[in-house]
Amino acid sequence: LSRYDNLRISVRNVRWFRFGATGAEIDFILQGPDLEQLADYAEQLSNRSEELGIVDADATLQLDRPELQAEIDRERASRLNVAVADVATGLRLMVGGDERVSRFRDPNVNEEYDVQLRLAEGYRNDPDTISTLYVPTRLGDLVRLDNLVDLEETITASRIDRLDRQRQVSLRANVAPGHGLAGSIANLRHAVDQMNLPPTYTTYVSGGGRELERTFVEFLWAFGLSLIFVYIILAAQYERILDPLVILLTVPLTVPFALLTLWLAGQSLNLYAALGLLVLFGVAMKQAILQVDHTNQLRESGLDRTAAIVQANRDRLRPILMTVLTLIAGMSPLVIGAGPGAEERRAVAVIVIGGLSLSLLLTLIVIPVAYSLMDDLRGLIRLTASESALNAEHGHVARQADRI
């Protein structure tokens, strides 16, 4: 269909989750005072779709609607005692029409109807006929419209959108294959910077792009607070400061593998992938909790540190593998599934399956080593504290001896 210049064509997948009134993934808005300039800027961005990583680009501002503009000769109208408001009212009634100029009551059915007034279609679309209309003067006379008004055919916008009393045009598009939503928006902003828009023109992102930026910031806050809460709860349960740090070490171990899995699967880092990251962190930390908690129990029963670490990892290997395999099996239908919302669900499943599988071996090795190093650090801290207390006690005894 691209060979038909007058058709505006777009192909898009019906999304299960929609942000805003449109189904487009990107809603990039330009604001400014001049409609022609706004349309030109939007057209320039649309022509660079392939370079910017977008497809199905379409601007809401289209300067393609024919219009008949009336230029009133105000000086002549003043001499003929004709008010500009009367000219506008006459044109509105005859061309635009009035939905209710009177009421008609039908006694046969005992109903009332609105009486509408408007020129017939063949007359209201003819400039020559419109020019012969009459408008009233202040003195009660009638004056032909062509004595006061010059009618000029022009092309204008079919609709004018405004926000905060500023004219705007929305460039709506979808993300091209191989690109991400955040990257495409960044490309659009960089292209606008290269266009050197005047200071009176501004841009902002609406729709899914705005929700992505807002969600990303909120996700960082949620992620940070979740780590703090996890640390507080674990520190209260273990009554230790360093053991929770061993468990939280699983977070930086799983993130690189999760991002690598997204890249290998051709998925983008979006809202659903962020939700998958939270699930992945929870499962990975659960595995570390099983290892650390069982190691502490074995040490309390009398085993030395090395034997307790080896025994704990041997005992907890089977439950960890059962948890991982069960989660992978449960997420597999989301990866291979189809239907409404399949693309969004697939991102969650891919990041959980890939991140958990690839980081499993590294986690099983790193957590025992980190536990051993943290235990050495705990012993060093205790030794330093004991030496400080001993030195303080010796100093106190020496001062008491000097007084004696």
Item to check | Working for side-chain contact (heavy atoms from CB on, under 4.5 Å), residues Tyr204 and Leu163 | outcome: CA-CA 11 Å; Tyr204 70 95; Leu163 182 65; 2.6 Å; yes

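- A distance-only check finds a donor-acceptor pair linking the side chain of Ser301 to the backbone of Leu298 [under 3.5 Å].
- Closest non-hydrogen pair, Ile309 versus Pro368, comes out as CG2-CB, 3.6 Å.
- Judged by distance alone, with hydrogens and angles left aside, the side-chain atoms of Thr254 form a donor-acceptor pair with the main-chain N or O of Val251 at under 3.5 Å.
- Listed for the Thr132 side chain is a donor-acceptor partner under 3.5 Å among the backbone atoms of Thr129.
- Atom CD of Gln31 and atom CG of Asp164 lie 6.5 Å apart (nearest 0.5 Å).
- With 3.5 Å as the limit, one finds no donor-acceptor pair spanning the side chains of Gln166 and Gln168.
- Using a 4.5 Å heavy-atom threshold, the side chains of Arg318 and Leu321 count as separate.
- When the shell of 6.0 Å around CD of Glu121 is examined, it contains 12 or fewer heavy atoms from other residues, nucleotides or ligands.
- Put simply, CG on Leu30 and CD on Gln37 are 11.5 Å apart, with the number rounded to the nearest 0.5 Å.
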Next on the checklist: For Ile289 and Leu234: C-alpha separation, side-chain torsions, deciding distance, then whether side-chain contact (heavy atoms from CB on, under 4.5 Å) applies.
Outcome noted: CA-CA 9 Å; Ile289 291 174; Leu234 293 177; 4.0 Å; yes

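- Two residues are said to be in side-chain contact when any heavy atoms from C-beta on lie closer than 4.5 Å; Gln44 and Arg48 fail this criterion.
- Residues Asn296 and Glu300 bring no donor and acceptor atom of their side chains to less than 3.5 Å of each other.
- Side-chain atoms of Ile328 and Val324, non-hydrogen and from C-beta on, do get closer than 4.5 Å to each other.
- Other residues, nucleotides and ligands contribute over 12 non-hydrogen atoms within 6.0 Å of the CD1 atom of Ile160.
- Phe223 and Phe281 have tilted rings, their planes meeting at an angle from 30° to 60° on a 0 to 90° scale.
- Leu171 and Ala59 get closest at one heavy-atom pair: CD1-N, 4.3 Å.
- Distance CZ/Arg299 to CG/Asp304: 8.5 Å, rounded to 0.5 Å.
- Using a 4.5 Å heavy-atom cutoff, the side chains of Gln287 and Thr250 are not in contact.
- For Arg124 (side chain) and Leu119 (main-chain N/O), a donor-acceptor pair under 3.5 Å exists by modelled atom type.
- Within the 4.5 Å cutoff, no side-chain heavy atoms of Asp73 are placed close to those of Asp150.
- The local environment of OH in Tyr201 is crowded, with over 12 non-hydrogen atoms from other residues, nucleotides or ligands closer than 6.0 Å.
- A salt bridge links Asp376 with Arg305: the distance from a Lys NZ or Arg NE/NH1/NH2 to an Asp or Glu carboxylate oxygen falls below 4.0 Å.
- Met94 is listed as a side-chain neighbour of Leu117, based on a closest heavy-atom distance under 4.5 Å.
- In this structure, Ala349 and Leu334 approach most closely via the heavy-atom pair CB-CB, 3.6 Å.
- In this structure, Val283 and Val352 have side chains that are not in contact, with every pair of non-hydrogen atoms separated by 4.5 Å or more.
- Between the side chain of Ser49 and the backbone N or O of Ser46, at least one donor-acceptor pair lies under 3.5 Å.
- Using a 4.5 Å heavy-atom cutoff, the side chains of Leu356 and Phe257 are not in contact.
- Using a 4.0 Å cut-off between charged nitrogen and carboxylate oxygen, Arg103 and Asp114 count as a salt-bridge pair.
- The heavy-atom pair separating Ala370 from Val246 by the smallest distance is O-CG2, 4.0 Å.
- The two residues Leu148 and Val135 make their nearest non-hydrogen contact at CD1-CG2, 3.8 Å.
- Side-chain atoms of Arg118 come within 3.5 Å of backbone N or O of Val95 as a donor-acceptor pair.
- Remark: the backbone N or O of Ser170 is paired with a side-chain donor or acceptor of Thr60 at under 3.5 angstrom.
- Here the OG1 atom belonging to Thr295 is positioned 10.5 Å from the CG atom belonging to Leu290, to the nearest 0.5 angstrom.
- Counting non-hydrogen atoms of neighbouring residues, nucleotides and ligands closer than 6.0 angstrom, the CZ atom of Arg74 reaches no more than 12 such neighbours.
- Remark: side-chain polar atoms of Asp40 are not paired, donor with acceptor, to backbone N or O of Glu36 under 3.5 angstrom.
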Checklist entry - side-chain contact (heavy atoms from CB on, under 4.5 Å) between Val192 and Leu188: does it pass, once the steps are laid out? => result CA-CA 6 Å; Val192 170; Leu188 283 169; 5.6 Å; no

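- With rounding to the nearest 0.5 angstrom, the CD atom of Gln237 is 7.0 Å from the CD1 atom of Ile233.
- When all heavy atoms of Leu45 and Met195 are compared, the pair lying nearest together is CD2-SD, 3.8 Å.
- In this structure, the side chain of Tyr231 engages the main chain of Ile241 through a donor-acceptor pair within 3.5 Å.
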Checklist entry - What's the verdict on side-chain contact (heavy atoms from CB on, under 4.5 Å) for Ile130 and Leu68, showing C-alpha distance, side-chain angles and the deciding distance? => result CA-CA 10 Å; Ile130 294 176; Leu68 196 64; 4.0 Å; yes

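- Atom CD of Gln194 is separated from atom CZ of Arg189 by 15.0 Å, given to the nearest 0.5 angstrom.
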